[in-house]
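The chains referred to below are lettered A, B, ... by the order of the sequence lines, with proteins before strands, and numbering in each begins at 1.
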Amino acid sequence: MAGGLDLLRTADAVRSFLETVSDAPFLALDTETTGLDPHADRLLLLQIGTATAQALVDAQAAGPDVVRVILEATEAKGRVVVLHHAKFDLKMLASFAPEADLSRLPVMDTMLSEQALLNGRKAHLLGAGFGLAALAERYAGMGLDKTVREGFVAAPNVDALGEVELRYAARDVEATYKVFAAQVPLLADEGLTRIAAIEGAASWAFAAMEHAGMPVDAVAWGSIVDQADREKALARKVLDVEFKEVIGFDLFGYGNLNYDSDQEVIDALGRLGVKLDSTRREVLESTGHPAAIALVGYREHQKIISTYGRRFLEHIHPRTGRIHSSFKPIGAITGRASSSEPNLQNIPASSRFRSCFKAPPGKKIIAADYSGAELRILAEMSSDPVFMRTFIEGGDLHAIVASRIFDTPVSKTERPELRARAKAINFGLAYGMGAGGLAAQIGVATAEAEQLLEAYFRAFPAIRGYLDRTAHEALRKGFCTTLAGRKHWFADLVSSGADEGARVRVAKNMPIQGTNADMIKLAMARIARALAEEKLDGRLINMIHDELVIEAGEGDVERVTAIVKREMISAGAAFVRRIPVEVDVHVGDVWQH
DNA sequence: ATCTGTGGCGCG
DNA sequence: AAAGCGCGCCACAGAT
């Protein structure tokens, strides 16, 4: 239908069209919808094609069969389907064709590919941004007028669309195709083909996860907030007494000090003789002053009320009754995903919060997390013999490290305080922590922390050698890489004024944190695929960096659990090849470890 | 009345 | 009172 702007209204017509482009190495796909909410808005158009021929499909007329036709066309030819910001279209398609197995669609995503290509070197871009219009301009010299989109929101059906809207819809497919065609050699040159494939494959898992949402017990959650309200009021009374000498009171007996204002708090504490230039918790606690201690308690209640208060519950969707967070698959420069509106990756770890996420009747919640992922990755990368042996034979790494550094037997019961120090070093060193930081972390003098670090690296020279080598090499090359080949360039850090120390710490940490992200994304893609293939009642509902949360039907929970564990381990083993990857699983009625 | 940057803090 | 990394959300403060 090149040139023309006819609408295809049946799945058969789409099949015929796809036969005319069967020589194309890949297909581009896009949708136009009446809005952004897959649980409320509708699919209007589905556009598919190449750089030279695009079909516009009246989605409502053609019906969900059109998705099956597309799946068949890609599978027969072994072709990928390219989308820009696939997660959005896939969510819309999931509502449109609930019976279709979208995990079978071999997706590549031009937006995620671009983010992988520019990770850490965005600053040099003139037309910055990852929107399709920006990419079309950069790669194909095509101008796209995104304001046309408003026409779709107002349209009751495709017949209400004008020539302008249809032409725009076709150009989006043309642009997506051309952008990807231009990205393919760039991805190959940078060694990012594998990463782009993982991101594309995981985009359905992210889409399905957002679409499913998290089940939350609003009543139970509300009672936590109610309790925090009461405790905050009590804490305020205590604070008013502590500060009574230096503040005023209103007619109702309330102190006029705003305990949420750092400035006012610092001033008031100063008048009590406590001189501070920060109100961070450690600082307040270190003073030992009862007013400062009381502030710490007040802040805990205030944190619950503000960040995890009733506004959190406003994210419950009116139609599904669940919380549909928004995930950015590449949300961090390390390659980690991030979550927002609401952030489901920083729910307080205590069971009183987590147990509010309850499985509906007949379902269970599976929580599966990589055990000690970052230290295993460090062991893999450094080939440290003690780390490797400990993970291979199974043993308490923190205790073994402590025994070596302190030259005395340590276990969870024997000298546990030394084990705790070793644990702090183990985690801190991978991020480039210095003696000062370690001293603060474990509460010793800086000189003592220096000796500890020295003892640590004497005992594990391979760790120091690896970290120094990888940082040095990264700074020389201008980028660092994960085990799967994900790259992070330092250009943006440099232009933002980060000193060499900061860049060294990123160079040490990003490969570790980012490899963990590579692993779990590959696992997510494979899990979504396997669960669909086995027709099991199981779906991803959350991911928290090294943990996956799955909702499963009671009858399938054992098979789902086995698949989740198997795929997480095998995905980890794709990159961590010489160290066993372990996954801890917990099954229950609520989200818990 | 909004916008932006900062400090603080929840998570891994 | 941050020279341990990565996020997002909140309230405040100073700006427009």
Side-chain angles (χ1 to χ4, degrees), chain A residues 119-120 258-266 275-287 292 295-296 298-312 314-315 325-350 353-354 367 369-375 377-378 424-442 446 449-450 453 467 471 480 482 488 493 498-517 520 542-548 593:
Chain A
N119 192 22
N258 180 355
Y259 298 108
D260 296 321
S261 163
D262 299 337
Q263 280 176 206
E264 290 189 30
V265 164
I266 286 173
K275 306 294 183 195
L276 300 176
D277 43 18
S278 162
T279 67
R280 295 172 69 247
R281 181 171 46 216
E282 300 99 299
V283 179
L284 291 172
E285 284 173 346
S286 71
T287 66
L295 262 167
V296 173
Y298 167 86
R299 291 248 170 110
E300 285 174 10
H301 306 308
Q302 173 61 16
K303 178 73 175 177
I304 291 171
I305 292 162
S306 59
T307 301
Y308 305 104
R310 288 176 186 82
R311 285 187 60 180
F312 186 89
E314 288 173 11
H315 287 102
S325 174
S326 176
F327 287 84
K328 281 188 209 167
I330 304 180
I333 56 98
T334 56
R336 269 192 182 178
S338 69
S339 156
S340 63
E341 295 181 274
N343 184 349
L344 289 180
Q345 295 180 320
N346 71 343
I347 304 298
S350 79
F353 280 94
R354 301 249 165 144
D369 67 294
Y370 283 116
S371 164
E374 294 202 339
L375 288 175
I377 293 165
L378 178 58
I425 301 176
N426 272 337
F427 285 119
L429 77 91
Y431 311 143
M433 187 167 61
L438 178 61
Q441 181 75 35
I442 62 178
T446 302
E450 277 171 6
L453 276 181
L467 288 171
C480 44
T482 66
H488 170 250
L493 275 179
D499 62 25
E500 185 175 293
R503 305 204 297 271
V504 164
R505 292 192 295 277
V506 170
K508 290 176 176 175
N509 178 248
M510 179 274 171
I512 298 172
Q513 192 184 112
T515 296
N516 198 359
I520 200 162
N542 199 6
M543 72 92 75
I544 314 96
H545 310 310
D546 63 354
E547 173 184 5
L548 296 177
H593 287 285

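- With sequence neighbours left out, the side-chain hydrogen bond (donor to acceptor under 3.5 Å, both in side chains) criterion links A/Ser325 to A/Ser339.
- When rounded to the nearest whole Å, the span between CZ of A/Arg280 and P of C/dA2 equals 6 Å.
- Here C/dC9 is the nucleotide among C/dC9, C/dG6, C/dA11 with the atom lying nearest to any side-chain atom of A/Ser340.
- Only one option out of A/Leu378, A/Thr334, A/Ile377 pairs with A/Thr515 in a side-chain contact (heavy atoms from CB on, under 4.5 Å); it is A/Ile377.
- Taken residue by residue, residues 298-308 of chain A places heavy atoms nearer than 4.0 Å to DNA chain B at A/Arg299, A/Lys303, A/Tyr308.
- When the shell of 6.0 Å around CD of A/Glu285 is examined, it contains more than 12 heavy atoms from other residues, nucleotides or ligands.
- Taking the C1' atom of each, C/dG4 and B/dG5 are spaced 23 Å apart, rounded to whole Å.
- Positionally, the nearest nucleotide of DNA chain C for A/Leu276 lies more toward the 5' end than for the other of A/Gly434 and A/Leu276.
- To the nearest angstrom, C1' of C/dC5 lies 11 Å from CE of A/Met433.
- One interatomic measurement links the two molecules: CD of A/Glu374 to C1' of C/dG6, which rounds to 9 Å at whole-angstrom precision.
- With sequence neighbours excluded, no residue satisfies salt bridge (Lys or Arg N to Asp or Glu O under 4.0 Å) with A/Arg311.
- Look at CD on A/Glu282: it is 10 Å from P on C/dA2, rounded to the nearest Å.
- Within 4.0 Å (heavy atoms only), A/Lys328 reaches sugar-phosphate atoms of the nucleic acid but no base atom.
- Between the C1' atom of C/dA11 and the CD1 atom of A/Ile266 lies a distance of 15 Å, rounded to the nearest Å.
- A/Asp369 comes within contact range of no nucleotide atom at all, as no heavy-atom separation falls under 4.0 Å.
- Taking A/Glu282 as the reference, A/Arg280 meet the side-chain hydrogen bond (donor to acceptor under 3.5 Å, both in side chains) condition, with sequence neighbours excluded.
- At a threshold of 4.0 angstrom between heavy atoms, the contacts of A/Gly437 are confined to the sugar-phosphate backbone, with no base atom among them.
- In the 5' to 3' direction, nucleotides of DNA chain B lying under 4.0 Å from heavy atoms of chain A begin and end at B/dG7 to B/dG12.
- Close to C/dC5, at under 4.0 Å from its OP1 or OP2, lies no side-chain N or O of A/Thr334.
- For A/Arg354, the salt bridge (Lys or Arg N to Asp or Glu O under 4.0 Å) test picks out no residue, with sequence neighbours left out.
- In this structure A/Asp546 satisfies the salt bridge (Lys or Arg N to Asp or Glu O under 4.0 Å) test with no other residue, sequence neighbours excluded.
- Among the atoms of the strands shown, none is found under 4.0 Å from any heavy atom of A/Arg503.
- Residue contacts shown for A/Ala440 include a base, since a base heavy atom lies under 4.0 Å away.
- With the 3.5 Å cutoff on both pairing distances, Watson-Crick and G-U pairs in DNA chain C assemble into runs of at least 3 at B:1-12 with C:5-16.
- Within 4.0 Å of A/Ile347, counting heavy atoms only, lie sugar-phosphate atoms of the nucleic acid but no base atom.
- Within 4.0 Å of A/Glu341, counting heavy atoms only, lie sugar-phosphate atoms of the nucleic acid but no base atom.
- For A/Asn343, there are no side-chain hydrogen bond (donor to acceptor under 3.5 Å, both in side chains) partners two or more places apart in sequence or in a different chain.
- For A/Asn346 and C/dC9, the CG to P distance is 8 Å, given to the nearest whole Å.
- The aromatic rings of A/Phe312 and A/His315 sit perpendicular, their planes meeting at an angle over 60°, well past the 30° parallel limit.
- When the side-chain hydrogen bond (donor to acceptor under 3.5 Å, both in side chains) test is applied to A/Asp260, the partners found at least two apart in sequence or on another chain are A/Tyr298.
- Residues A/His593 and A/Glu547 bring a donor and an acceptor atom of their side chains to less than 3.5 Å of each other.
- If you check every strand for non-hydrogen atoms under 4.0 Å, A/Val506 touches sugar and phosphate atoms only.
- Here the P atom of nucleotide C/dG8 and the CZ atom of A/Arg311 are 16 Å apart, to the nearest Å.
- Atom pair A/Asn343:CG and C/dG8:C1' shows a separation of 5 Å (rounding to whole Å applied).
- Looking at residues two or more places apart in sequence or on another chain, you find a side chain to side chain contact (heavy atoms under 4.5 Å, CB included) between A/Gln263 and A/Ser261.
- Contact annotation: A/Arg505 reaches the phosphate of C/dC5 (side-chain N/O to OP1 or OP2, under 4.0 Å).
- Residue contacts for A/Ser339: at a heavy-atom cut-off of 4.0 Å it reaches the sugar-phosphate backbone alone, with no base atom in range.
- Listed by chain and number, the residues in a side chain to side chain contact (heavy atoms under 4.5 Å, CB included) with A/Asn542 are A/Met214, A/Phe327, A/Leu344, A/Ile544, A/Val549, A/Trp591 (sequence neighbours excluded).
- B/dT6 and C/dA3 have their P atoms separated by 15 Å, with the value rounded to a whole Å.
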